[in-house]
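Working notes, structure below.
Values below: all heavy atoms of this structure, side chains included; hydrogens, waters and symmetry mates excluded.
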Amino acid sequence: VSTQSTGSTKPLVSRCMSMLVNDPSYSWLADIGIKEVNEGVYNGSWSGNGNVVTSVSPINEQPIAQVIEGTVEDYEEVVRASKEASKQWAMTPAPVRGEVIRQVGEHLREKLEPLGKLVSLEMGKILPEGIGEVQEAVDIADYATGLSRMINGKVIPSERPGHMMVEQWHPLGVVGVITAFNFPVAPYFWNFTIASVCGNACMWKGAPTTPLTGVACTRLIADVLDANKLPGGLSGLISGGADVGGAMVDDARVNLVSFTGSCQAGKQVGTKVQSRMGKLILELGGNNAISVMEDADLSMLVPAVCFASVGTAGQRCTTTRRLIVHKSLIDEVVPRLVSAYKQVKIGDPLVKGNLCGPLHTTAAVEAYKDAISEAKSLGGKIEVGGNVVEGRYVEPTIVTGLPHDSDLVMRETFAPILYIVPCEGFEDAVAINNEVSQGLSSSIFTTNPEYIFRWVGAGGADSGICNVNIPTNGAEIGGAFGGEKETGGGRESGSDAWKQYCRRATCTINYSKDLPLAQGIDFS
């Protein structure tokens with residue numbers, strides 16, 4: 001795994017001496033507050049009483065730095081601070097809250113490059129994607145700043161004379177955010193920025209394998225809170241494992257839990273939060289597909305598929321894992337994609353020109369190997385790739401010859417493996433696209449207006465993100481991000497996703513001296 005526990009609350013000094021944080025080549029880590037040993041709990045002050053873990057880079061399997069995780073007792077201090085901070089924050093005018101988030105966005109801009117490098121170093125995605133993820137945090141901060149002056153309700157006509165009805169939106173209180181390794185920055189800021197301008201305090205538990213990114217981002221937020229004389233509980237951090245995550249999920253003081261992870265884990269989280277009648281945002285798996293119609297522009301398709309299936313080494317929830325190609329184009333599409341795949345440079349994601357970095361963990365490498373082995377045993381043909389290069393680096397792979405409803409094709413493998421299957425036409429493509437249990441992102445390549453509007457219509461793709469002539473990944477922050485079915489049904493980021501962080505109040509005001517009842521009831 002990418003994080004190694006020492007099983008102790010004391011740092012291992014001997015390990016620290018050989019860590020990348022001490023290497024002059026990585027001196028930029030100091031610019032974002034990363035030290036040899038970093039406290040992983042923040043509630044207005046920094047602490048940590050749990051195990052000391054060493055964050056190991058998947059790039060070269062070298063230790064970066066250490067983080068002292070939190071315990072369940074530390075979690076208790078964080079949630080108390082967030083609960084208390086939420087009371088003050090809820091009474092702060094929304095535009096004032098927006099100004100604080102604007103400052104967070106400015107700090108992110110200032111640290112765009114070193115934070116992006118840390119994402120690449122600790123997670124493994126290529127540098128343009130690492131910087132792009134931080135840019136996404138900048139963008140959502142800008143969006144939230146504007147939103148702070150637009151959180152509006154409605155005036156609703158009343159059937160009673162001398163009465164008016166208004167709808168208002170109020171903060172929930174505390175929002176708990178649990179994020180995954182593959183996007184260690186953006187999802188927290190999707191939640192934190194929008195929830196904050198709505199008047200909530202947030203707590204963050206990042207992935208155990210990317211703890212340094214959580215520390216660096218929280219230090220940046222803490223600087224803004226300190227400068228504005230605001231309580232640190234507005235953005236608490238609790239680094240750790242399943243014990244602290246479980247405490248957050250079970251805690252009735254956490255009004256909403258936003259969870260990003262696997263479908264299996266999401267079902268468990270959803271059941272527990274629902275059992276205490278808490279609110280949920282679930283962002284789970286996605287066995288996404290691109291459908292290619294007979295009239296598709298292949299010059300657009302090939303680069304789109306390469307980015308969608310190879311980007312982040314196949315470790316995005318929106319990665320394209322299935323390519324549904326009209327039978328008349330199969331013999332043309334496969335060779336063109338094979339040629340493009342052979343041009344993909346695999347290697348250190350911090351080196352310019354490399355397009356495919358490592359898988360995040362050794363377990364992911366094993367999952368990749370198992371999927372390739374199973375594909376061969378089922379009669380699938382490896383058109384390109386199929387091998388481990390070295391360490392955690394694997395070849396992006398294209399597989400043909402498997403039925404579209406094969407268990408392997410229907411199962412999401414978090415690695416750069418693309419299954420290509422034929423379809424008879426539009427209706428067949430829609431059916432194949434929709435037959436998987438997840439419903440996150442789908443795309444179709446076509447120039448036919450009828451196909452386009454049927455695809456995005458009620459009888460088309462059943463995913464939360466429904467694209468035309470673009471990849472399945474790379475969503476913009478202005479739209480609501482999320483999916484249907486076993487993807488969880490949650491929505492984050494733009495559009496009206498802000499309403500999930502609020503409670504709605506319908507207020508009827510009688511400004512007359514009479515007391516008429518609704519529905520004309522006479523109770524005199």
Side-chain angles (χ1 to χ4, degrees), residues 286-311 314 318-344 371-372 375-376 378-386 396-413 415-436 438-452 454-456 459-463 465-474:
N287 195 347
N288 315 291
I290 292 177
S291 294
V292 185
M293 294 296 94
E294 66 273 19
D295 61 334
D297 183 340
L298 299 189
S299 65
M300 290 175 61
L301 173 74
V302 172
V305 172
C306 283
F307 175 60
S309 56
V310 177
T318 52
T319 291
T320 296
R321 309 197 184 281
R322 299 175 297 142
L323 188 66
I324 306 163
V325 182
H326 192 277
K327 61 182 182 180
S328 66
L329 291 179
I330 279 280
D331 291 340
E332 184 176 359
V333 168
V334 172
R336 291 179 69 160
L337 281 173
V338 168
S339 175
Y341 266 52
K342 288 180 178 179
Q343 298 174 52
V344 171
I372 298 299
K376 292 177 179 178
L378 293 173
K381 179 182 178 183
I382 309 300
E383 298 285 352
V384 66
T397 302
I398 293 175
V399 180
T400 60
L402 294 178
H404 63 82
D405 57 354
S406 161
D407 286 345
L408 180 60
V409 176
M410 298 279 282
R411 185 172 69 244
E412 182 184 28
T413 300
I417 302 174
L418 178 68
Y419 303 102
I420 300 182
V421 298
C423 68
E424 296 293 325
F426 178 81
E427 290 80 5
D428 194 28
V430 171
I432 295 172
N433 179 82
N434 294 351
E435 69 184 353
V436 296
Q438 305 94 337
L440 179 52
S441 185
S442 305
S443 186
I444 190 170
F445 274 74
T446 181
T447 56
N448 186 326
E450 178 187 350
Y451 290 164
I452 291 172
R454 288 176 65 187
W455 178 258
V456 301
D462 64 359
S463 51
I465 299 170
C466 190
N467 294 335
V468 177
N469 294 327
I470 64 170
T472 54
N473 55 357

Measure the [atom1]-[atom2] distance between [X] and [Y] for me, rounded to the nearest 0.5 Å.
X      : Y      : atom1 : atom2 : result
Cys466 : Asn433 : SG    : CG    : 8.0 Å
Asp462 : Asn434 : CG    : CG    : 3.5 Å
Cys306 : Leu337 : SG    : CG    : 6.0 Å
Phe307 : Ile470 : CZ    : CD1   : 10.5 Å
Asp428 : Lys327 : CG    : NZ    : 9.0 Å
Arg322 : Ser291 : CZ    : OG    : 8.0 Å

Indicate yes or no: at least one non-hydrogen side-chain atom of [X] is less than 4.5 angstrom from one of [Y].
X      : Y      : answer
Val399 : Lys381 : no
Ser443 : Ile290 : yes
Met293 : Cys423 : yes
Leu418 : Thr397 : no
Leu301 : Arg336 : no
Asn467 : Trp455 : no

Taking Thr446 for the side chain and Asn448 for the main chain, is one N or O donor matched with an acceptor at less than 3.5 Å? yes
Is a donor on one side and an acceptor on the other found under 3.5 Å between the side chain of Arg454 and the backbone of Gly459?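 Not a single qualifying donor-acceptor pair exists.
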Starting from the C-alpha separation in whole Å, work towards a yes-or-no answer on side-chain contact (heavy atoms from CB on, under 4.5 Å) for Leu298 and Glu332. CA-CA 9 Å; Leu298 299 189; Glu332 184 176 359; 3.5 Å; yes
Please assess Ser441 against Thr318 for the test side-chain hydrogen bond (donor to acceptor under 3.5 Å, both in side chains), listing each intermediate value before the final yes or no. CA-CA 6 Å; Ser441 185; Thr318 52; over 6 Å; no
By ring pair (Phe, Tyr, Trp, His ring centres under 6.0 Å), which residues pair with Phe426, not counting sequence neighbours?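 Applying ring pair (Phe, Tyr, Trp, His ring centres under 6.0 Å) to Phe426 gives Tyr451.
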Given the options Asn473, Thr472, Asn288, Asn287, Thr320 meets side-chain hydrogen bond (donor to acceptor under 3.5 Å, both in side chains) only with Thr472
Can you name the nearest heavy-atom pair linking [X] to [Y], along with the distance?
X      : Y      : answer
Ser328 : His326 : OG-ND1, 2.8 Å
Gly286 : Leu440 : CA-CB, 4.0 Å
Ile417 : Ala371 : CD1-CB, 3.7 Å
Ala296 : Phe445 : CB-O, 3.4 Å

For residues 289-306, which residue pairs qualify under salt bridge (charged side-chain N to carboxylate O under 4.0 Å, His left out), counting only residues two or more places apart or in two chains? none
Under 3.5 Å, sequence neighbours excluded: what are the donor-acceptor pairs made by side chains of residues 400-411?
from   : atom 1 : to     : atom 2 : distance (Å)
Thr400 : OG1    : Glu383 : OE2    : 2.7
His404 : ND1    : Glu435 : OE1    : 3.3
His404 : ND1    : Glu435 : OE2    : 2.7
Ser406 : OG     : Leu408 : N      : 3.3
Arg411 : NH2    : Glu374 : OE1    : 2.6

Full working for side-chain contact (heavy atoms from CB on, under 4.5 Å) between Val421 and Val325: CA-CA 6 Å; Val421 298; Val325 182; over 6 Å; no
Does Val292 form a side-chain contact (heavy atoms from CB on, under 4.5 Å) with Leu329? I'd like the steps, not just the answer. CA-CA 8 Å; Val292 185; Leu329 291 179; 4.1 Å; yes
